[in-house]
Enquirer: 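Structure in structure tokens, see below.
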Amino acid sequence: MESVVVLALLCGALGVGYSLITAGWVFKQPTGSKPEMAQISSYVAEGAMAYLTRQYKVVAIIAAILVIILYLTLHLMPAVGFIIGLVGSALAGFLGMKVSVKANVRVAAAAEKSLPDAMDVAFKGGSVTGIVVTGLALLGVAGFYLVASRYHAGDPDIGHKLFSALVGLGFGSSLMSVFARVGGGIYTKAADVGADLVGKVEADLPEDDPRNAGVIADNVGDNVGDCAGMAADLYETYTVTIVAAMLLASTIYGLGTNAFYLPLMIGGVAIIASIIGTFFVKLSRTKAESDLYIMGALYKGLAISGILAALAFYVVAVYLPIEAPLKGEPFQIPPINVFWMAVLGLVLTGLIIVITEYFTGMYGPVKYVAQASTTGHGTNIIAGLAISMISTVLPVIVLAAAIMAGYGLGGGFSQNAATGLFGIAITVVSMLSMTGMVVAIDSYGPITDNAGGIAEMADLPEEVRNRTDPLDAVGNTTKAVTKGYAIGSAALAALVLFAEYTRAIEELTGQALAFDLSNPKILIGLLIGGIIPYFFAALCMLAVGKAAGSIVDEVRRQFREIPGLREGAPGVKAEYGKCVDLVTAAAQREMIIPSLLPVLIPLAVAFIPGLGREALGGMLIGSIVVGLFLAIAMTTGGATWDNAKKYIEDGHHGGKGSEAHKAAVTGDTVGDPYKDTAGPAINPVIKVVNMVALLLVPFLV
């Protein structure tokens with residue numbers, strides 16, 4: 001069935017080719033009527049490049065140590081897979097950032113013409129990131145599997161060797177994702193919080209005012225956090241999900257079966273569907289100025305991609321029927337069930353998006369927090385925390401229902417528990433197959449945010465800002481929606497990894513792991529697993545606070561020591577580079593310990609005398625459950641605070657400068673590291689924990 005792998009490689013190559021062609025189109029667009037526009041954009045590009053260069057140097061040192069350890073303990077292919085996964089995740093983040101910092105000024109320039117033109121450039125820039133993420137990920141998984149399978153051809157222990165190789169691939173992408181998420185999150189929110197505290201609260205300056213020395217660092221942060229970080233995050237989730245499904249299929253059905261190749265085909269056809277969907281994201285020129293339909297245009301492309309993918313999934317289900325398992329388990333999943341598993345993943349994507357938008361868009365929860373701001377800072381914080389907790393309920397119910405349905409469609413209730421787990425895995429693979437379009441919608445956000453900043457700092461006409469502002473407002477919601485999607489998919493992906501952990505232990509020992517709460521090892525593991533997301537999130541929040549404090553001090557110093565800066569005297573400019581350097585150094589320094597936690601804690605649990613594989617299994621469950629709730633609460637709550645502030649700035653409850661606005665700024669300051677640093681970084685953390693556990697399986701039996 002190498003033909004399926006070749007087809008997957010072709011689909012991945014098509015995705016990369018589309019991204020390169022679209023990037024070329026974006027780069028050819030004009031950079032605006034004023035030279036200041038290109039100059040400001042170059043400051044952002046230089047800052048983003050400087051940050052990523054320093055980050056990759058730090059990661060390279062840690063990765064080199066891990067490669068040596070993997071080579072000495074698990075031999076060549078797991079080490080090679082680790083490098084491929086790490087480099088692929090880093091490349092996805094780098095390309096996403098590169099296109100974003102090139103597209104921002106071109107969106108501002110297009111806004112000088114019309115809103116539809118600006119929308120077109122912004123989304124095309126975002127689609128480059130989205131499609132290249134899935135294209136690179138599929139190329140990485142399919143290509144590495146092809147190489148590893150040929151390397152181990154004829155080996156009587158090929159199954160276990162390929163298991164370790166693919167886990168190494170997933171571990172590499174997961175580790176890079178943690179560093180990208182943590183480092184980028186610390187950077188973007190330290191710059192944002194620092195710039196806001198002095199600029200908005202103390203100096204009463206508008207958003208992106210060029211007198212504020214922190215605004216360039218803030219714009220850089222949008223790219224390295226929301227763009228590069230998200231790209232690396234979902235590259236990793238996409239890779240790990242396909243790897244986990246393939247590993248689960250290998251232990252249930254065997255290597256080389258249709259079930260083993262099914263995840264690759266689902267990913268391949270969805271890339272083509274996503275590429276087609278990008279061509280339907282356009283604003284009507286006749287209605288754009290009066291009725292924007294911006295969010296509708298974005299969701300139209302996503303919906304068309306989903307419909308086309310569903311049709312393709314039916315063909316795949318018929319083309320790759322899941323035969324009876326090779327290992328004596330009798331149930332054969334009917335093709336129609338496979339199709340409905342895949343459709344279930346698409347439906348789950350839609351539901352998560354709708355729920356997240358309700359809590360973060362201009363609806364009841366956001367308006368409630370805005371109303372609470374009228375009575376002070378404390379009531380704003382109380383309301384935001386309450387909404388963040390409530391926001392976990394519906395996503396968890398939806399995820400639980402999807403797990404139940406996927407398990408049932410796989411025959412888990414009527415025939416065999418193992419095939420039921422594979423049903424869940426296919427549902428998750430289908431959900432992640434929409435990554436291309438979802439990341440495209442997300443990456444559109446930081447591009448439009450930067451475009452608005454360039455329009456403000458270059459002093460473009462008010463009509464230009466009136467076009468970039470609604471694009472930016474929608475982008476703020478799409479970023480929140482994408483984080484909800486990433487969290488839901490990450491939790492399900494981690495569940496599949498946990499299922500593979502238990503199956504791998506059972507296969508090697510001949511005994512199933514029994515997770516009995518009367519077993520103190522399981523209980524200890526659960527408690528340790530629950531601590532990981534909380535401890536990790538706390539370290540991230542503390543890191544943002546420290547780094548933001550340095551920005552506050554620097555912006556205050558410049559207002560104090562540079563004559564005429566605060567008054568906006570002609571020819572007087574802020575020293576933007578000082579803030580960029582400060583926050584870059586702080587992000588690199590603060591990201592190391594949180595990023596290594598999900599690697600070191602599983603190692604400790606696995607090898608502390610008296611704990612071992614039972615405690616490690618309990619730790620995986622604890623990290624998944626607690627991580628899911630904490631990640632949803634932090635990301636959704638943070639976005640609710642952010643949009644409550646924007647709702648007031650739109651003229652409600654006294655508008656900008658009112659007491660309600662000041663309270664809302666406080667809430668947004670708390671919510672920023674919630675939604676852009678700690679919350680989304682929990683996604684890769686729970687998967688790194690699971691990947692490390694899978695790497696440790698051979699040493700636990």
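Start at 1 with the first residue, then count along the sequence.
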Enquirer: Is S388 reaching over with its side chain to a backbone N or O of L385, donor-acceptor style, under 3.5 angstrom?
Expert: yes
Enquirer: Check whether any side-chain heavy atom of I242 sits under 4.5 Å from a side-chain heavy atom of M246, and report yes or no.
Expert: yes
Enquirer: As an exercise, state the distance from OG of S177 to CG of D233, rounded to the nearest 0.5 Å.
Expert: 4.0 Å
Enquirer: First locate atom CD1 of I69, then atom CG of L695, and finally report the distance between them rounded to the nearest 0.5 Å.
Expert: 11.0 Å
Enquirer: For a 4.5 angstrom cut-off between non-hydrogen side-chain atoms, does F313 reach M341?
Expert: no
Enquirer: Look only at the side chain of S489 and the backbone of A486, and say whether a donor-acceptor pair between them is shorter than 3.5 Å.
Expert: yes
Enquirer: Give the C-alpha distance, both sets of side-chain angles, the deciding distance and a yes or no for side-chain contact (heavy atoms from CB on, under 4.5 Å) between I601 and V689.
Expert: CA-CA 8 Å; I601 292 178; V689 168; over 6 Å; no
Enquirer: Between K483 and D676, does any NZ, NE, NH1 or NH2 come within less than 4.0 Å of an OD or OE carboxylate oxygen?
Expert: yes
Enquirer: Rounded to the nearest 0.5 Å, what separation is found between the CD1 atom of I397 and the CG atom of L399?
Expert: 10.5 Å
Enquirer: Tell me whether T239 contacts the main-chain N or O of Y235 through its side chain, where contact means a donor paired with an acceptor under 3.5 Å.
Expert: yes
Enquirer: Let me confirm one number: the CD1-CG distance from I252 to L247, rounded to the nearest 0.5 Å.
Expert: 11.0 Å
Enquirer: Please name the pair of heavy atoms, one in Q55 and one in G184, separated by the smallest distance, quoted to 0.1 Å.
Expert: NE2-N, 4.1 Å
Enquirer: Given 3.5 Å as the limit, does a donor-acceptor pair link the side chain of T640 with the main chain of T636, or not?
Expert: yes
Enquirer: How about Y145 and L169: do any of their side-chain heavy atoms sit closer than 4.5 Å?
Expert: no
Enquirer: Keeping the roles fixed (side chain from T188, backbone from G185), state whether a donor-acceptor pair exists under 3.5 Å.
Expert: no
Enquirer: Hey, what do you get for CD1 (I608) to CG (L603), rounding to the nearest 0.5 Å?
Expert: 10.5 Å
Enquirer: Can you check whether I322 reaches T419 side chain to side chain, under 4.5 Å on heavy atoms?
Expert: no
Enquirer: Please check if atom CZ in F535 has more than 12 non-hydrogen atoms from other residues, nucleotides or ligands closer than 6.0 Å.
Expert: no
Enquirer: Return yes if some donor-acceptor pair links the side-chain N/O of T237 with the main-chain N/O of L234 below 3.5 Å, else return no.
Expert: no
Enquirer: Are the side chains of I487 and T356 in contact, using a 4.5 Å heavy-atom criterion?
Expert: no
Enquirer: Y485 versus T435: any side-chain heavy-atom pair under 4.5 Å?
Expert: yes
Enquirer: Any donor-acceptor pair under 3.5 Å linking the side chain of T635 with the backbone of A631?
Expert: yes
Enquirer: Might you point out which heavy atoms bring A402 and L348 nearest each other, and give the distance in Å?
Expert: CB-CD2, 3.8 Å
Enquirer: Taking A90's backbone N and O only, do any of them form a donor-acceptor pair with Y56's side chain (distance below 3.5 Å, no angle check)?
Expert: yes
Enquirer: Is there a side-chain contact (heavy atoms from CB on, under 4.5 Å) between V343 and S430 once you walk through the steps?
Expert: CA-CA 7 Å; V343 170; S430 171; over 6 Å; no
Enquirer: Test F699 against T73 for side-chain contact (heavy atoms from CB on, under 4.5 Å), laying out the working first.
Expert: CA-CA 10 Å; F699 306 100; T73 56; 3.8 Å; yes
Enquirer: Check N258 against P321 and note the closest heavy-atom contact, atom names and distance.
Expert: ND2-O, 2.7 Å
Enquirer: Find the distance between CE (M691) and CD (E500) and round it off to the nearest 0.5 Å.
Expert: 10.0 Å
Enquirer: Output yes when a side-chain donor or acceptor of S623 lies under 3.5 Å from a complementary backbone atom of L620, and no otherwise.
Expert: yes
Enquirer: With heavy-atom distances below 4.5 Å as the criterion, would you say the side chains of I381 and W641 are in contact?
Expert: yes
Enquirer: Please name the pair of heavy atoms, one in L74 and one in P698, separated by the smallest distance, quoted to 0.1 Å.
Expert: CD2-CG, 4.4 Å
Enquirer: Of all the heavy-atom pairs spanning R503 and T251, show the shortest one and how long it is.
Expert: NH2-O, 3.6 Å
Enquirer: Does a side-chain heavy-atom distance below 4.5 Å link L694 with F163?
Expert: yes
Enquirer: Does atom CD1 of I531 have more than 12 heavy-atom neighbours, drawn from other residues, nucleotides or ligands, at distances under 6.0 Å?
Expert: no
Enquirer: Tell me whether the rings of F82 and F171 are parallel (<30°), tilted (30 to 60°) or perpendicular (>60°).
Expert: tilted
Enquirer: How close do P533 and L630 get, heavy atom to heavy atom, and via which atoms?
Expert: O-CD2, 3.6 Å
Enquirer: Does K521 have any side chain to side chain donor-acceptor pair (under 3.5 Å) partners at least two apart in sequence or in another chain, and if so, which?
Expert: none
Enquirer: Going through the checks in order, is the side-chain contact (heavy atoms from CB on, under 4.5 Å) test met by V685 and L597?
Expert: CA-CA 8 Å; V685 164; L597 277 181; over 6 Å; no
